[in-house]
Colleague: 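Take this structure first; my questions come after.
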Amino acid sequence: MSVITRFAPSPTGFLHIGGARTALFNWLFAKHHGGEMLLRIEDTDRARSTDAAVTAIHEGLHWLGLDWQGDPISQFARADRHAEVAQQLLAAGNAYKCYCTPEELAAMRETAKAEGRSLRYDGRWRDRDPAEAPSDASPVIRLKAPQTGATVVNDLVQGVVTVQNSELDDMVLLRADGTPTYMLAVVVDDHDMAVSHIIRGDDHLTNAIRQRQIYDLMDWTVPLFAHIPLIHGADGAKMSKRHGALGVEAYAEMGILPAALRNYLLRLGWSHGDEEIIDTDQAIAWFDLDGVGKSAARFDIPRLESLNSHYIRAMDEGDLCALLAQQLVKTEGRDLSQAELARLPLAVNALKERAKTLVELADKAGFLLDNRPLPMEDKAAGLLTGDAPALLSRAHAVLSAVEDWNVETLTEVIRGLAEAEELKLGKLAQPLRAALTGRNSSPGIFDVLYFLGQPESLDRIGDHMA
RNA sequence: GUCCCCAUCGUCUAGUGGCCUAGGACGCUGGCCUCUCACGCCGGAAACAGGGGUUCGACUCCCCUUGGGGACGCCA
């Protein structure tokens, strides 16, 4: 059997982190089995669906590096087909018309709640004579679900889940206005799209039971279900758009790399022994449903950042430079000069050891920009007091004499000066660092001199000489 | 409230009856390295929710309790 999975978000907002993981699992599973992932937009709720959200979902998936087969399918566009299936069910006696008003239904729930029963429809139109139908109201169509026995789903993650049919009511298939409900639409679409594996959040687990009833009554092959545990927020509650979930673009904004987010999301709820760093090719090779855990996971930013710093360090130098330049342009709000751009490749390797995110990387690269007089952090200013200015004058003198501006020479010269002054290197390096970067921490001081070049270095030192 | 699902360090997890005096990772923390900050290296604290069974033997199987989550819409 060929593997076909689908990612089916509703376009009511950005691609949030939970959806991103669901998409990733679907994508990985399909790739692993040589199958394909389809994209279906569940836009049957016309009031809440927006084109902007559809675009955001596409962009989110692209950013994450996930693709899908063919054109995205609009669920709304298939409404006629859904209605057709409902009519088929009706004709076969497996569905019926229900004329209950919303008020009636609400009252039903109230009494059910008061009596401590589950909140379901009592099936009052199930066997009622159609002749009793009010002429002025249009009915909804409900599934004539089995009332005895039990419905079972053998979930690939959660195992066998059984619910007594007496616990389930006759769900609405077609609304009074003739549009399909989600329950009907998913089943029809998944069937028509030949989806073999439905991988989704386990908030759908109980839905799967009800959906199975439709498959059975239509005599359709039931796809395999895999309900993956939800991602919870730091407080342990379900993450949703209304509750703490951020869109993937928020992580892009924080300077998270797609590769890092993929790795992080993968390890949230899935494992392969003690493996932690798993790149995408490896993930495709290893991913399967038996590695998926059953319990919910909490979202943990420090962990994501740790992975991110790994991927930043592992990244191709040129690519990282491009990202750094891009980030700097964003934070500075201006284009970079040729001189500034030229310093980036020199410094990027030293900088990336110190950054957990692209934002941090750009921040730590700030001293490479031409912005004299340098903004001075308090701690750096403290390093420029006392005899520091005098020391900087002597450093300026020896550095002016340097003819071959490279790390090796600079090391010799600066160490030589420290020795001549009978100072520990730190006593000289710290004032230099402050003058050169405006900060009390930076890459190695010989590197910093080298990155900046002779003229700029001398100018910066000059700004703080006695 | 009813139904369904879940339960190992703070967090993500390994563990599928003896290999567990429970392993790894993030975070926290002591130290080394050192021109600062990182990186790196060495070390530390930190968990099987509780109670019953089953078994020669339970983190692993069963039951109950507790805790957490989810679903109960003419939303998806």
Side-chain angles (χ1 to χ4, degrees), chain A residues 8-12 42-45 47-49 75 98 100-102 105-106 109 112-121 139-142 155 158-159 161-164 166-169 171-177 179-183 185-186 201-210 227 229-230 232 234 236-238 264 267-277 293-307 309 313 350-356 364 379-380 383 414-415 418 424-430 432-434 437 439-446 448:
Chain A
S10 58
T12 55
E42 311 223 312
D43 50 359
T44 52
D45 184 349
R48 294 202 294 156
S49 298
Q75 188 158 67
C98 166
C100 276
T101 63
L105 260 11
R109 272 182 219 112
K113 196 168 187 173
E115 291 168 18
R117 290 180 289 111
S118 76
L119 282 23
R120 56 198 133 90
Y121 170 66
V140 300
I141 293 182
R142 287 183 184 272
D155 192 89
Q158 307 291 344
V161 179
T162 306
V163 174
Q164 295 304 313
S166 56
E167 294 294 333
L168 271 12
D169 65 1
M171 70 190 123
V172 173
L173 264 20
L174 230 46
R175 301 185 185 108
D177 66 1
T179 59
T181 60
Y182 163 76
M183 285 294 181
V186 218
D202 73 8
D203 48 340
H204 284 286
L205 187 55
T206 48
N207 289 338
I209 294 284
R210 322 191 98 220
H227 288 92
L230 264 18
H232 287 170
K238 178 185 180 181
Y264 177 70
R267 282 291 287 104
L268 218 50
W270 178 88
S271 62
H272 184 86
D274 283 337
E275 300 293 339
E276 300 289 351
I277 304 287
K294 298 172 109 178
S295 55
R298 298 189 188 205
F299 201 81
D300 187 41
I301 295 280
R303 172 81 169 213
L304 207 208
E305 288 185 333
S306 160
L307 243 11
S309 72
R313 277 178 268 156
L351 258 18
K352 71 183 182 185
E353 299 294 330
R354 298 166 167 78
K356 290 197 289 285
K364 299 204 184 295
K379 285 175 186 164
L383 295 169
I414 297 298
R415 281 196 187 280
K424 288 188 70 175
L425 181 57
K427 291 289 179 194
L428 175 56
Q430 282 304 79
L432 270 175
R433 187 181 321 279
T437 69
R439 304 191 176 194
N440 65 343
S441 81
S442 78
I445 200 63
F446 313 123
V448 169

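Because only heavy atoms are used, hydrogens play no part in the values below, and waters and symmetry mates are left out as well, while side chains stay in. No experiment lies behind these values; they were computed from the predicted model shown. Residue numbers begin at 1 in each chain, while the letters A, B, ... track the order of the sequences.
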Colleague: Quote, to the nearest angstrom, the P distance that separates B/U36 from B/A49.
Modeller: 46 Å

Colleague: Please state the P separation for the pair B/C62 and B/C5 - nearest whole angstrom.
Modeller: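 Straight-line distance between the two P atoms is 13 Å.
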
Colleague: With rounding to the closest Å, how many angstrom separate the C1' atoms on B/C19 and B/G27?
Modeller: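 It works out to 30 Å between them.
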
Colleague: Under 4.0 Å, counting only non-hydrogen atoms across every strand here, what does A/N207 touch: a base, just sugar-phosphate, or nothing?
Modeller: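 Counting heavy atoms under 4.0 Å across all strands, the contact made by A/N207 includes a base.
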
Colleague: Which sits closer to the 5' end of RNA chain B, A/F299 or A/G159, going by the nucleotide each is nearest to?
Modeller: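 Looking at RNA chain B, the more 5' nearest nucleotide goes with A/G159.
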
Colleague: Which part of the nucleic acid, if any, lies within reach of A/S442 when heavy atoms closer than 4.0 Å are counted: base, sugar-phosphate only, or nothing?
Modeller: base

Colleague: Check every strand shown and say whether A/C98 touches a base, only sugar-phosphate, or nothing at a heavy-atom separation below 4.0 Å.
Modeller: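 Since no nucleic acid heavy atom lies under 4.0 Å of A/C98, the category is nothing.
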
Colleague: Name the pairing partner of B/C28, where a pair is Watson-Crick or G-U wobble with both distances under 3.5 Å, or state none.
Modeller: B/G44

Colleague: Please state whether the base of B/G70 and the side chain of A/D202 form at least one donor-acceptor pair under 3.5 Å?
Modeller: no

Colleague: So A/N440, base contact, sugar-phosphate only, or nothing? Heavy-atom distance under 4.0 Å.
Modeller: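 Contact class for A/N440: base.
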
Colleague: Mind checking side-chain contact (heavy atoms from CB on, under 4.5 Å) for A/T206 and listing every partner two or more places apart, or none if nothing turns up?
Modeller: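 Listed in chain order: nothing, the list is empty.
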
Colleague: How far apart are the closest heavy atoms of A/M183 and A/N207, and which atoms are they?
Modeller: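 Scanning both residues completely, I find the closest heavy atoms to be CE-OD1, 2.9 Å.
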
